[in-house]
Amino acid sequence: MLYYLCKYVLIGPVLRLFFPAKVIGAENVPDTGGVILVGNHISVADSFFTPLFIKRRVTFLAKSEYFTEKGLKGRLKRIFFNGVGQVPIDRGGASAAHDALMTGVRLLKEGKCLGIYPEGTRSPDGRLYKGKTGVARMALEAGVPVVPLAMIGTDRVNPIGSKMWRPHRITAVFGRPLEFSRYEGMAGDRFVERSMTDEIMYRLMELSGQEYVDVYAAKVKADLEASAAKKVDAVVEGRGPGTVTRLPGTKAG
């Protein structure tokens, strides 16, 4: 009930008012049955707008931290995410990936519309990054179609590093369903799953117009964080921009 209350009364009308959207190809999402809605991920706002564009209820696999935070803020988050039907997954631990995979397959076999970001995290710079093969495994295990969704403009609504949303027009483009029945019974074959995932990412690239980078976004983020940490260490140690390093054997001044 909270899902539809948010969509049609509490949140949806406000988003539609301040963030007008052009929706293309929404009819490509099947009316019934399990389906994976795969999207590019350029902003936190993506998950808020996606449910507004189709009649079906969209379920996302949400990180468990959203459900375990303490205090009043944590309680409100827990009520909200439980109410709108999001499913918590633990992203830590050795079996986290397998558990998330099995949860996704179960939901798909129950006929749900499952929203997934195959990049695994938000793009650090607006480009489209290499997809993880979990989406292909779910599609094969559950025997469901994959509908690509390209969000355009949400990065202008909620720019990287910004907590405030800015009014801006957005576009959502739903591609034709991708069928992978030709690979039936081949779940677990890493070459097949990689081929499927690359096909999905190529379609997202076509729909979104983003530049594609054949590297995992998580690695790029880790490299950026490591680089930033080194710069901070250099400044703390007196080796940053604007500092003067005295050569060995010389006197200061």
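Numbering of residues begins at 1 and proceeds along the displayed sequence.
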[X], [Y]: one ILVMFWY side-chain cluster at the under-4.5 Å cut-off?
X	Y	answer
Val44	Leu76	no
Phe49	Val9	yes
Val23	Ile152	no
Leu5	Leu17	yes
Leu107	Val38	yes

Nearest 0.5 angstrom please: [X] [atom1] to [Y] [atom2], how far?
X	Y	atom1	atom2	answer
Phe180	Met196	CZ	CE	4.5 Å
Arg78	Thr68	CZ	OG1	8.0 Å
Arg203	Met205	CZ	CE	10.5 Å
Ile11	Phe48	CD1	CZ	6.5 Å
Tyr183	Phe191	OH	CZ	13.0 Å

Should the heavy atoms of other residues, nucleotides or ligands under 6.0 Å from [atom1] of [X] be counted, would the total exceed 12?
X	atom1	result
Glu27	CD	yes
Arg56	CZ	yes
Tyr202	OH	no

When you measure from the side chain of [X] to the backbone N and O of [Y], does any donor-acceptor pair fall under 3.5 Å?
X	Y	result
Ser208	Leu204	yes
Lys7	Pro51	yes
Asn28	Gly25	yes

So which atom in [X] and which in [Y] form the shortest heavy-atom distance, rounded to 0.1 Å?
X	Y	value
Val135	Pro118	CG1-CB, 4.2 Å
Pro30	Pro145	CG-CG, 4.5 Å
Asp214	Lys130	OD1-CD, 3.5 Å
Leu52	Gly12	CD2-CA, 3.7 Å

Legend entry - Val146 and Ile116: CA distance, side-chain angles, deciding distance, side-chain contact (heavy atoms from CB on, under 4.5 Å) verdict: CA-CA 10 Å; Val146 175; Ile116 296 177; over 6 Å; no

Legend entry - From CA spacing to verdict: side-chain contact (heavy atoms from CB on, under 4.5 Å), Val147, Ile36: CA-CA 6 Å; Val147 175; Ile36 301 177; over 6 Å; no

Salt bridge between [X] and [Y], side-chain N to carboxylate O under 4.0 Å?
X	Y	value
Glu110	Arg106	yes
Glu193	Arg190	no
Arg182	Glu199	yes

Inset, instruction - Would you sort out whether Lys132 and Thr197 count as a side chain to side chain donor-acceptor pair (under 3.5 Å), showing the intermediate values? - result: CA-CA 7 Å; Lys132 296 187 176 182; Thr197 305; over 6 Å; no

Inset, instruction - Indicate yes or no: at least one non-hydrogen side-chain atom of Phe53 is less than 4.5 angstrom from one of Val58. - result: no

Inset, instruction - State, yes or no, whether a side-chain contact exists between Leu108 and Cys113 at a heavy-atom distance under 4.5 Å. - result: no

Legend entry - side-chain contact (heavy atoms from CB on, under 4.5 Å) partner of Met138, the single match among Thr103, Thr133, Val105: Val105

Check residues 157-178 and write down every donor-acceptor pair under 3.5 Å in which the side-chain atom is one partner and the other belongs to a residue at least two apart or another chain.
{"from": "Asn158", "atom 1": "ND2", "to": "Ser162", "atom 2": "O", "distance (Å)": "2.8"}
{"from": "Ser162", "atom 1": "OG", "to": "Met164", "atom 2": "N", "distance (Å)": "3.3"}
{"from": "Ser162", "atom 1": "OG", "to": "Met164", "atom 2": "O", "distance (Å)": "3.0"}

Inset, instruction - Can you run down the side-chain hydrogen bond (donor to acceptor under 3.5 Å, both in side chains) pairs that involve residues 41-55, sequence neighbours left out, and say none if there aren't any? - result: His41-Asp46, Asp46-Thr154, Ser47-Tyr117

Inset, instruction - Kindly indicate, with the supporting measurements, whether the criterion side-chain contact (heavy atoms from CB on, under 4.5 Å) is fulfilled by Gln210 and Asn40. - result: CA-CA 9 Å; Gln210 291 171 276; Asn40 59 335; 2.9 Å; yes

Legend entry - Worked verdict on Val213 versus Leu128 for side-chain contact (heavy atoms from CB on, under 4.5 Å): CA-CA 6 Å; Val213 184; Leu128 185 68; over 6 Å; no

Legend entry - Tyr216 and Tyr129 aromatic centres sub-6.0 Å: no

Legend entry - Residue pairs, two or more places apart or on separate chains, that pass salt bridge (Lys or Arg N to Asp or Glu O under 4.0 Å) and touch residues 115-128: Asp125-Arg127, Arg127-Glu211

